[in-house]
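Values reported hereafter were calculated over all heavy atoms of this structure, with side chains retained and with hydrogens, waters and symmetry mates removed.
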Amino acid sequence: MYAERLTEDQIREIMDLISDDGSVRIVKIRTYDSGFDDCVNWSKIPEVTAIFQETEETYRLFDYRIQGFRYAGAGSEYIYRKKMLEYFGDEYAIRYLLEH
């Protein structure tokens, strides 16, 4: 719902914030669309291929968590949710509280 609405600039900002040193090299950002290649992928969750500490990993950004980070900085989930709150406001916080 929320992660699907992130822009590429917002995704880049989030990935930089969760990196240990504040500089992550993003190789590819893939969001699903309704094109032929994505016809079997019903999810519109953004996937980010990035290099953290010389290791390339793929991350999936969900509404309230990030899947696949091993080399991101400590507190990455908290930072991610805080940034999402900044982008989407009180509605995001209320949904988080109701769902968790």
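- Summarising the geometry, atom CD1 belonging to Ile29 is positioned 5.0 Å from atom CD1 belonging to Ile11; distances are rounded to the nearest 0.5 Å.
- The CG atom of Asp9 sits 11.0 Å away from atom CD1 of Ile14, with the distance rounded to the nearest 0.5 Å.
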Q: Could you walk me through whether Arg12 and Glu8 pass the salt bridge (charged side-chain N to carboxylate O under 4.0 Å, His left out) test, one step at a time?
A: CA-CA 6 Å; Arg12 288 181 185 280; Glu8 187 171 320; 3.1 Å; yes
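- Remark: Glu56 engages no residue in a side-chain hydrogen bond (donor to acceptor under 3.5 Å, both in side chains) (not counting sequence neighbours).
- When all heavy atoms of Asp63 and Met84 are compared, the closest pair comes out as O-CE, 3.8 Å.
- In terms of hydrophobic clustering, with Ile, Leu, Val, Met, Phe, Trp and Tyr side chains grouped at heavy-atom distances under 4.5 Å, Leu85 and Ile94 are assigned to different clusters.
- In this view, Glu13 and Lys83 satisfy the salt bridge (Lys or Arg N to Asp or Glu O under 4.0 Å) rule, not counting sequence neighbours.
- Across all their heavy atoms, Glu4 and Pro46 have their closest contact at N-CD, 4.4 Å.
- Going from atom CD1 of Ile66 over to atom CD1 of Ile18 covers 4.0 Å, rounded to the nearest 0.5 Å.
- The pair Arg65-Glu77 does not meet the salt-bridge criterion, since no charged nitrogen lies less than 4.0 angstrom from a carboxylate oxygen.
- One finds the OG1 atom of Thr7 at 7.0 Å from the OH atom of Tyr87 (value rounded to the nearest 0.5 Å).
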Q. Can you check side chain to side chain contact (heavy atoms under 4.5 Å, CB included) on Tyr80 and Leu61, steps first, answer last?
A. CA-CA 9 Å; Tyr80 176 67; Leu61 306 178; 3.6 Å; yes
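- The side-chain contact (heavy atoms from CB on, under 4.5 Å) test applied to Tyr64 returns Tyr2, Arg81, Tyr92, Arg95, Tyr96, Glu99, His100, not counting sequence neighbours.
- The salt bridge (Lys or Arg N to Asp or Glu O under 4.0 Å) search around Arg5 returns none, not counting sequence neighbours.
- Although no hydrogens or angles enter the test, the distance criterion places no donor-acceptor pair under 3.5 Å between the side chain of Gln67 and the main chain of Phe62.
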